[in-house]
Visitor: 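Got a structure here, written out as structure tokens. Questions coming.
The model shown is predicted, which means the values in this text are computed figures rather than measured ones.
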Number of protein chains: 2
Amino acid sequence: MSKSLTLTPVETVACCSPLVSAPLAEETAERIAPLLKAIADPVRLRLLSLVAAHADGEACVCDLNGAFDLSQPTISHHLKVLHEVGLLERSKRGVWVYYRARREALADLGSLIGGGL
Amino acid sequence: MSKSLTLTPVETVACCSPLVSAPLAEETAERIAPLLKAIADPVRLRLLSLVAAHADGEACVCDLNGAFDLSQPTISHHLKVLHEVGLLERSKRGVWVYYRARREALADLGSLIGGGL
DNA sequence: GATAGATATCGATGAATGTCGATGTCTACG
DNA sequence: CGTAGACATCGACATTCATCGATATCTATC
């Protein structure tokens with residue numbers, strides 16, 4: 001399978017000019033919307049921010065769970081959503097799982113929305 | 001009522017540091033998420049881009065309707081969502097309604113996501 | 001003021017989503 | 001190996017959401 005057929009949302013976002021520069025193609029919009037959906041939730045937005053702003057650039061799930069008034073499966077679910085679209089990287093070390101934010105993906109997404117101004 | 005109690009989502013987004021700089025407060029995340037939800041839909045993303053990239057910075061609903069394979073009420077609904085969060089401004093001239101993108105809101109949102117890198 | 005056209009609102013419906021408790025999997029350590 | 005702890009998956013439930021057809025509102029024109 002060619003790589004272009006398996007582009008993750010974060011790979012897609014790097015290739016488009018800003019919203020205000022040219023009308024977004026239908027196909028492009030449909031690939032980018034899932035990325036925005038992923039961060040369009042208060043819990044996931046905070047999760048992403050917590051991980052991205054964390055000291056070493058990564059955070060352990062064990063730390064994240066305590067930051068919310070939500071069950072452990074719910075946090076796990078939200079992390080999975082962020083991971084699936086490619087905004088978070090996962091690495092398991094021993095019993096613990098660490099997530100790391102993909103900063104260049106965030107930068108690309110940011111300039112897609114706010115760029116060209 | 002004081003103005004701070006009626007902050008629209010776009011007014012909120014201007015006041016926060018980027019995601020990666022510091023963990024987003026719960027309250028802040030809950031005010032910004034609706035903004036992201038508004039653009040986290042392929043149709044609305046294209047609508048916003050169509051309006052923002054349009055020649056005079058504004059677009060007539062009559063032009064937008066034809067760009068989608070959707071019913072007129074559906075387009076009207078999506079425009080309303082974008083308008084309610086403050087990403088689109090509405091102005092009626094005669095029988096026609098024109099929408100204009102709030103560029104500074106888009107810029108603020110973009111730097112919230114991609115800034116600080 | 002009756003008519004036509006542009007846009008918004010309403011009510012209904014099927015699909016997607018956030019949350020939970022229960023359970024499964026995997027790792028380390030007695 | 002059996003137990004404990006960290007995290008993921010599963011199945012269920014309530015809520016939200018995108019869409020539509022029907023209808024209302026508003027404006028210009030005849």
Visitor: Could you note down all residue pairs passing salt bridge (Lys or Arg N to Asp or Glu O under 4.0 Å) where residues 37-57 of chain A supplies at least one of them, sequence neighbours left out?
Guide: A:R46-B:E26

Visitor: Got a sec? Which of residues 50-63 of chain B come in under 4.0 Å of DNA chain C, heavy atoms?
Guide: B:C60, B:V61, B:C62

Visitor: Which whole-number value in Å describes the distance from A:W96 CH2 to D:dA4 C1'?
Guide: 12 Å

Visitor: Is A:Y98 close enough to D:dC7 that one of its side-chain N or O atoms is under 4.0 Å from OP1 or OP2 there?
Guide: no

Visitor: My understanding is that only residues two or more places apart in sequence, or in another chain, count here; which of them pass side chain to side chain donor-acceptor pair (under 3.5 Å) with B:S21?
Guide: none

Visitor: At their closest point, which heavy atom of B:V97 faces which heavy atom of B:K92, and how far apart are they?
Guide: CG2-CG, 4.0 Å

Visitor: Quick test of your reading: applying disulfide (SG to SG under 2.5 Å), list the pairs with at least one residue in residues 73-117 of chain A, sequence neighbours left out, ordered by first then second residue.
Guide: none

Visitor: Write down the atom of B:V51, the atom of B:A101, and the distance for their closest heavy-atom approach.
Guide: CG1-N, 3.7 Å

Visitor: How long is the line joining CG of B:L79 and P of D:dC17, in whole Å?
Guide: 17 Å

Visitor: For B:L47 and D:dT19, what is the distance between atoms CG and P respectively, to the nearest whole Å?
Guide: 10 Å

Visitor: Taking all heavy atoms of B:E58 and all of B:H54, pick out the closest pair and write down the distance.
Guide: O-ND1, 2.8 Å

Visitor: Please answer whether the main-chain N or O of B:G114 pairs with a side-chain N or O of A:S111 as donor and acceptor at a distance below 3.5 Å.
Guide: no

Visitor: Would you check if A:L50 and B:P23 make a side-chain contact, meaning some heavy-atom pair closer than 4.5 Å?
Guide: yes

Visitor: All N/O contacts under 3.5 Å from nucleotides 24-30 of chain D to the protein, with atom names and distances to one decimal?
Guide:
none

Visitor: Expressed as a whole number of angstroms, how long is the span from B:N65:CG to D:dC20:P?
Guide: 11 Å

Visitor: Please collect all disulfide (SG to SG under 2.5 Å) contacts where either partner lies in residues 75-117 of chain A, sequence neighbours excluded, each pair once.
Guide: none

Visitor: Can you give me the first and the last nucleotide of DNA chain C (5' to 3') that has an atom within less than 4.0 angstrom of a non-hydrogen atom in chain A?
Guide: C:dT17 to C:dA28

Visitor: Between D:dA18 atom P and A:L36 atom CG, what is the distance in whole Å?
Guide: 13 Å

Visitor: Could you name each residue pair satisfying disulfide (SG to SG under 2.5 Å) that touches residues 57-115 of chain B, not counting sequence neighbours?
Guide: B:C60-B:C62

Visitor: Mind checking side chain to side chain donor-acceptor pair (under 3.5 Å) for B:R103 and listing every partner two or more places apart, or none if nothing turns up?
Guide: none

Visitor: Side chain to side chain donor-acceptor pair (under 3.5 Å) with A:E89: which residues, sequence neighbours excluded?
Guide: A:R102

Visitor: Could you tell me the separation between the NE2 atom of B:H78 and the C1' atom of D:dC20, rounded to a whole number of Å?
Guide: 11 Å

Visitor: Return each pair, listed once, that meets disulfide (SG to SG under 2.5 Å) where at least one residue sits in residues 71-117 of chain B; pairs must be two or more places apart or across chains.
Guide: none

Visitor: Kindly state which residues belonging to residues 67-77 of chain B come within less than 4.0 angstrom of DNA chain C, counting heavy atoms of the residue only, listed by number.
Guide: B:Q72, B:P73, B:S76

